[in-house]
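In what follows, chains carry the letters A, B, and so on, assigned in the order in which the sequence lines appear, proteins first and then strands, with residues in each chain numbered from 1.
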Amino acid sequence: MDTYYTKDISLPWRRAVVSVDQFKKPDIDEIFALADRLSVGRTMPLTGKSIINLFYEPSTRTSSSFYAAMTRLGGSVIPINEVNYSSVTKGETLEDTIRTLESFTDALVLRHYDEDATERAVSVASIPIINAGNGAGEHPTQALLDLYTISKERDGLNGLNVTLMGDLKHGRTVHSLTKLLRMYDVKINLVSPPELSLPRFYLHKNDTEHRELGEVIADTDILYVTRVQKERFFDELEIDFSYSVTRSDMDLAKTNLVLMHPLPRVGEIPIELDSDPRSAYFRQVKYGLHVRMALLVALIGRD
Amino acid sequence: MDTYYTKDISLPWRRAVVSVDQFKKPDIDEIFALADRLSVGRTMPLTGKSIINLFYEPSTRTSSSFYAAMTRLGGSVIPINEVNYSSVTKGETLEDTIRTLESFTDALVLRHYDEDATERAVSVASIPIINAGNGAGEHPTQALLDLYTISKERDGLNGLNVTLMGDLKHGRTVHSLTKLLRMYDVKINLVSPPELSLPRFYLHKNDTEHRELGEVIADTDILYVTRVQKERFFDELEIDFSYSVTRSDMDLAKTNLVLMHPLPRVGEIPIELDSDPRSAYFRQVKYGLHVRMALLVALIGRD
Amino acid sequence: MDTYYTKDISLPWRRAVVSVDQFKKPDIDEIFALADRLSVGRTMPLTGKSIINLFYEPSTRTSSSFYAAMTRLGGSVIPINEVNYSSVTKGETLEDTIRTLESFTDALVLRHYDEDATERAVSVASIPIINAGNGAGEHPTQALLDLYTISKERDGLNGLNVTLMGDLKHGRTVHSLTKLLRMYDVKINLVSPPELSLPRFYLHKNDTEHRELGEVIADTDILYVTRVQKERFFDELEIDFSYSVTRSDMDLAKTNLVLMHPLPRVGEIPIELDSDPRSAYFRQVKYGLHVRMALLVALIGRD
């Protein structure tokens, strides 16, 4: 088998988007510029092209985002959501499924519960694969859209004070985002209970760890809040964990704070904060659409 | 939260279609004229536009009708049918789901089992919402297509003798249709067992109530038959209810009778009547497509 | 009811594709020429047209193939995959479902677990129906794509030595393919355990039956391997049946052998053979796309 995916990510992101590690600063500049351009006007550069949304795990948010991105660009989407009940699982390997489906389409957006699924798919595919979440692994397009949101909301990525709060241990979104932020001049504050702190692997010597948002809120430019993923880590439900942002926190925060959340939220940010202009989480969804449009055009836009 | 939906339906239908109460005669004239126009020729005024079909309850008939209407007009549909098993229900509120999905699309077609779902969706949405059935509440596009069917089959809406037969207590279709019919010079006959009669709220002093179709069949211009919705009202299965139209009924009826049914039928109209030219229930489906095309163009056709 | 489907298949295939028995040699020539033409370039002759994929049984492979075929041609697909959980089964007959859905679309691709489903659908439909598998019955588009694969891989259909191996008793694919092959100058070898041999109905006097692939591999031009359909014939699992192609078999085979499989495979062909240029099973998927594009254009391409 001709495997061109390697752990050290020498794989070009235009061939397959599997990890944030594949992206250098100029790549990001290029994607964000393309996202800017595609967000205005309605050109349809992908007319006649298609993608398959192959989702082994349900994720309406992510699949709809790619679906919308593709159709806005004039392309079609073949949705395969019910994989576990379908014929592709009549004992068939993921590799065979990929090699079958690649005949039908120009790129494949894959969400799978196994961490090695993306790697296996990429190893056999002759069309671009986009990792839309591989178990406890990565979700690179989410990290890119988070970074794009910051850059759009603050008109740049340097000199910012970023606070990450919540379940920093398990959130693949947070892990990937920290990697991207390291490329810029950014100070990172971490707020979590000790049981859910950021794994050492992702820590940087300048990071500071905190137990209370109050310790850092006044200096924070970007406050990124995450959800406890109970469906993934049910055995940790014993942790009495309820970090949430309050109106009082917001009163202490900068007037140009950017409050972000990957959604869905389950209490981390109360509804009453939705009307605060600093709440950016729904704008974040829109930015995500534009980043995914940019990725699709970059990957399959040329013939 | 900026709520612009109110119980007295001051909400313009071009902003959200939630209830038949929003429609005045000139609105209906306009929609029907548009439906006439769109039913011929294949213009594609919604190219580059999309809708999301957000169905919390399965309804292949209604979702397919909107799907077909949108694609005929050149637009795309993002289908979200499996909501209960999907990520949007990771504890997320309907309001958050709506605010997330509205970033992806131009309008949202919502079917939900809760009666207050439409109202909640409209209260947060910045794009048009179309109510495709909210529990025991309303199904306004069905009522509009029923009215359109009558107007097409009889070339007008005044001076008609309309007989409604079946479960008149629970059928939201019947409730909404009676409201629309009241705007015209129409005599309504009601045929049902006492346990399933039309709620007082919808009754008009000129209506007549009957137990047998035979009492009114000879004078009837429009015979609208409905199904007992056993899946909604299973506790009433004890009622021995089997009103159905027979060949003998049809022999007594006018030669230009219009026989309608919202479908699916489960015995109310025998298959042998399908070849009777007065059986309009499959043409009704087609008219529904045209009405929904008209609504989509009216709601999202302009930029 | 106006039934125009008859057992002796006088039904023209342009009106409904229900069985391979409908196709004569000139029909096949025409479809294959069209498939050739559509496989190059990206014309979009079905812009503004749609099909409904109505699948009562899951079949991601087949439904995706039709989905891709239709969108490549510029058309839209209305996917109805979850039929058993949906409103169309509120006690509704298949006939009523068909008559409802035909209002929405230009053709209907039907997969159903009942063998008489296609016939029933065709008996009421006024739009083309394509049989995408009816229980233990037929799967004509699979047989056509198998034949097309052979013709493309060997540049013609005459003078070939074709070996069919596996469960020849139950595989509808094999049954339909043998019928098509009979139209050409082809020698057929059958390799299976006695319990799973080809039914007498499909046998021809020149066919030879074998227990071992080794008996015929050296002379074989086309080796068609099938899967034991355990999900259909679970009561036969007692058969200790594990015919598979090995590297040694391939060493004995012709250098221009064509190795085919309808997929999914579950051990009949080991992964190590994927890199052998004679392995045609993934190319077969691609040929299938082109044949289905040709059928769609032939059935709904004209106004």
Side-chain angles (χ1 to χ4, degrees), chain A residues 39 41-44 47 53 55 57-77 79 81-82 84-85 111 132-133 145 227-232 261-269 271-272 274-275 279 281-290 292-293, chain B residues 1-3 44-56 58 63 67 70-71 73-110 120-121 123-127 300-303:
Chain A
S39 69
R42 294 218 169 180
T43 61
M44 301 182 77
T47 301
N53 268 1
F55 277 61
E57 270 189 339
S59 176
T60 297
R61 192 176 319 276
T62 303
S63 67
S64 301
S65 180
F66 276 107
Y67 205 117
M70 189 62 184
T71 56
R72 283 215 180 189
L73 296 164
S76 298
V77 180
N81 294 311
E82 79 290 30
N84 285 318
Y85 310 103
R111 156 77 58 119
L145 80 85
R227 180 172 66 93
V228 180
Q229 297 198 28
K230 294 187 179 175
E231 74 278 13
R232 282 196 194 279
H261 192 294
L263 301 177
R265 60 176 161 178
V266 285
E268 303 89 11
I269 300 176
I271 294 169
E272 59 162 339
D274 290 3
S275 56
S279 295
Y281 30 92
F282 291 118
R283 294 194 293 275
Q284 200 174 342
V285 176
K286 193 85 175 189
Y287 292 130
L289 179 69
H290 301 153
R292 287 176 176 133
M293 288 168 75
Chain B
M1 208 179 305
D2 177 39
T3 304
M44 301 181 79
L46 301 188
T47 301
K49 300 284 177 92
S50 77
I51 58 169
I52 287 183
N53 267 1
L54 181 63
F55 277 61
Y56 284 79
S63 67
Y67 205 116
M70 190 61 185
T71 56
L73 296 164
S76 298
V77 180
I78 303 175
I80 306 184
N81 294 312
E82 79 290 29
V83 182
N84 286 317
Y85 309 103
S86 84
S87 70
V88 301
T89 56
K90 286 172 185 160
E92 188 176 66
T93 63
L94 176 65
E95 284 84 350
D96 273 17
T97 300
I98 298 294
R99 292 202 65 180
T100 297
L101 296 178
E102 70 176 359
S103 285
F104 301 148
T105 194
D106 299 292
L108 221 146
V109 178
L110 177 66
R120 290 168 58 200
S123 73
V124 297
S126 62
I127 59 169
I300 61 174
R302 297 129 312 137
D303 275 314

Just give me the residue among A:Gly267, A:Gly288, A:Ser76, A:Ser65 that pairs up with chain B most often, heavy atom to heavy atom, under 4.5 Å. A:Ser65
Does any N or O in the side chain of [X] come within less than 3.5 Å of the main-chain N or O of [Y], such that one atom is a donor and the other an acceptor?
X	Y	result
A:Glu268	A:Val266	yes
B:Lys49	B:Asp106	no
A:Gln284	A:Leu145	no
B:Thr47	B:Met44	yes

For a 4.5 angstrom cut-off between non-hydrogen side-chain atoms, does B:Leu54 reach B:Ile98? yes
Is there any residue in residues 67-74 of chain A with a non-hydrogen atom under 4.5 Å from a non-hydrogen atom of chain B, and which ones are they? A:Tyr67, A:Ala68, A:Thr71, A:Arg72
Set out, in order, the CA-CA distance, both residues' side-chain angles and the distance that settles side-chain hydrogen bond (donor to acceptor under 3.5 Å, both in side chains) for B:Glu95 and B:Ser123, then state yes or no. CA-CA 8 Å; B:Glu95 284 84 350; B:Ser123 73; 5.0 Å; no
Which residues satisfy the side-chain contact (heavy atoms from CB on, under 4.5 Å) test with A:Ser64, sequence neighbours excluded?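 Applying side-chain contact (heavy atoms from CB on, under 4.5 Å) to A:Ser64 gives A:Thr60, B:Ile78, B:Ile80, B:Leu101, B:Phe104.
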Report which part of B:Thr105 has an atom under 4.5 Å of a heavy atom belonging to chain A: side chain, backbone, both, or neither.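 For B:Thr105, the contact with chain A is made by the backbone alone.
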